[in-house]
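Position 1 is the first residue of the sequence, and the numbers go up from there.
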Amino acid sequence: MEQKDWDDLQAQMDTPYGSMELQCDQFKVSLVQHSKPASRKWVTYVFVDGHYKGAWSFADENGEPKHEEARRFLRKSSKAFFSTKEIEAYRKTFGKRRATELAAKRHVWFHADWTSFNSLKKHLIANNTSIQRIE
């Protein structure tokens, strides 16, 4: 895609309930602008080949996506299994080595919503070889 296409896409996604379709390699990707009631923000949802599957949200034990769609189009998010307070308690009880191992463990999942258009654009360019706008 050329810069003009990206600018048109951003202008369209800045409007409420804007939508756009892209052809990313062999996938047809729909970008739809919706409001997120909890945060009162506009977010862009990604649908691959017309739908979103909940199974795409999960990662394996190494934090890598289980599905190709998650790697290419979804936003990665992670959170520590244990809080800082719990890690300090483990450090006192079981020692520094065990506490460091527990601190490294993270829960990873993938979201279909993007709050930043520039982040979405950067992710699409990095993970897809050809991106074309479908008129």
Side-chain angles (χ1 to χ4, degrees):
M1 271 179 43
E2 297 177 10
Q3 185 60 39
K4 181 188 179 304
D5 293 328
W6 286 113
D7 293 339
D8 292 344
L9 177 60
Q10 185 171 10
Q12 190 165 358
M13 297 313 287
D14 283 342
T15 62
Y17 303 106
S19 64
M20 178 69 69
E21 290 189 354
L22 302 173
Q23 183 70 37
C24 298
D25 297 332
Q26 72 270 22
F27 298 101
K28 183 179 177 184
V29 179
S30 301
L31 306 175
V32 182
Q33 191 79 354
H34 278 284
S35 63
K36 196 169 189 178
S39 62
R40 297 183 181 184
K41 291 183 180 181
W42 289 98
V43 295
T44 303
Y45 285 97
V46 177
F47 297 96
V48 181
D49 294 330
H51 57 277
Y52 169 75
K53 293 183 180 179
W56 296 343
S57 299
F58 302 111
D60 62 10
E61 58 277 350
N62 298 325
E64 297 299 318
K66 291 182 178 179
H67 299 277
E68 184 68 15
E69 291 86 350
R71 183 188 66 79
R72 287 179 177 236
F73 308 111
L74 302 184
R75 178 175 57 91
K76 186 176 182 178
S77 183
S78 67
K79 183 179 178 181
F81 272 128
F82 300 100
S83 69
T84 308
K85 185 177 179 181
E86 291 172 324
I87 296 298
E88 287 303 316
Y90 273 104
R91 182 167 280 127
K92 289 178 183 176
T93 308
F94 299 109
K96 184 177 178 182
R97 181 181 296 160
R98 179 72 176 136
T100 305
E101 290 173 4
L102 293 176
K105 291 187 177 188
R106 302 192 67 78
H107 178 66
V108 178
W109 66 98
F110 296 88
H111 296 278
D113 61 336
W114 293 81
T115 55
S116 169
F117 177 79
N118 289 330
S119 298
L120 173 60
K121 175 184 169 184
K122 183 178 175 183
H123 186 81
L124 288 175
I125 290 172
N127 292 296
N128 296 287
T129 55
S130 71
I131 302 171
Q132 296 176 349
R133 182 178 168 188
I134 299 174
E135 298 291 334

What is the ring orientation for Trp114 with His123, classed by angle as parallel under 30°, tilted 30 to 60°, or perpendicular over 60°?
tilted

Any side-chain heavy atom of Arg72 within less than 4.5 Å of one from Val29?
no

For the atom pair CG (Leu9) and CD (Glu21), what is the distance rounded to the nearest 0.5 Å?
11.5 Å

Flag side-chain contact, heavy atom, 4.5 Å: Phe110 against Arg75:
no

Please determine whether residues Val32 and Trp56 belong to a single hydrophobic cluster, defined as Ile, Leu, Val, Met, Phe, Trp and Tyr linked transitively by side-chain heavy-atom distances below 4.5 Å.
yes

Taking the side chain as every heavy atom from C-beta outward, state whether Gln12 and Asp8 have any atom pair closer than 4.5 Å.
no

Whether the side chain of Asp60 engages the backbone of Asn62 through a donor-acceptor N/O pair (distance < 3.5 Å, no angle test) should be reported.
yes

Measure the CG-CD distance between Asp25 and Gln132 for me, rounded to the nearest 0.5 Å.
9.5 Å

Check whether any side-chain N or O of Gln33 sits under 3.5 Å from a backbone N or O of Met13 as a donor-acceptor pair, and report yes or no.
yes

NE2 on His34 to OG on Ser19, rounded to 0.5 Å
9.0 Å

Flag side-chain contact, heavy atom, 4.5 Å: Leu102 against Glu86
no

Between Ser78 and Arg106 the two heavy atoms that sit nearest each other are OG-NE, 3.5 Å

Shortest non-hydrogen separation from His111 to Trp109 and the atoms involved:
NE2-NE1, 2.6 Å

Kindly give the heavy-atom pair with the smallest separation between Ser35 and Tyr17, and that separation in Å.
OG-OH, 4.2 Å

Any donor and acceptor pair, going by atom type alone, linking the side chain of His51 with main-chain N or O of Asp49 inside 3.5 Å?
yes

Is any side-chain heavy atom of Leu74 closer than 4.5 Å to a side-chain heavy atom of Glu69?
no

Does Met20 share a hydrophobic cluster with Trp6, counting links as ILVMFWY side-chain heavy atoms below 4.5 Å and allowing steps through other members?
yes

Can you tell which of Val46, Ile134, Leu31 makes a side-chain contact (heavy atoms from CB on, under 4.5 Å) with Leu22?
Leu31

Is it true that the side chains of Asp7 and Gln3 contain a donor and an acceptor less than 3.5 Å apart?
yes

Are the charged groups of Glu88 and Lys85 less than 4.0 angstrom apart, N to O?
no

Just by distance, do the side chain of Asp113 and the backbone of Thr44 share a donor-acceptor pair under 3.5 Å?
no

Would you give the length of the straight line joining atom NZ of Lys105 to atom CZ of Phe81, rounded to the nearest 0.5 angstrom?
7.5 Å

I need the Gln26 CD to Thr129 OG1 distance, nearest 0.5 Å.
8.5 Å

For Tyr52, which of Tyr45, Phe47, Phe73 qualifies under side-chain contact (heavy atoms from CB on, under 4.5 Å)?
Phe47

Roughly how far, to the nearest 0.5 Å, is the NZ atom of Lys76 from the CD atom of Glu64?
5.5 Å

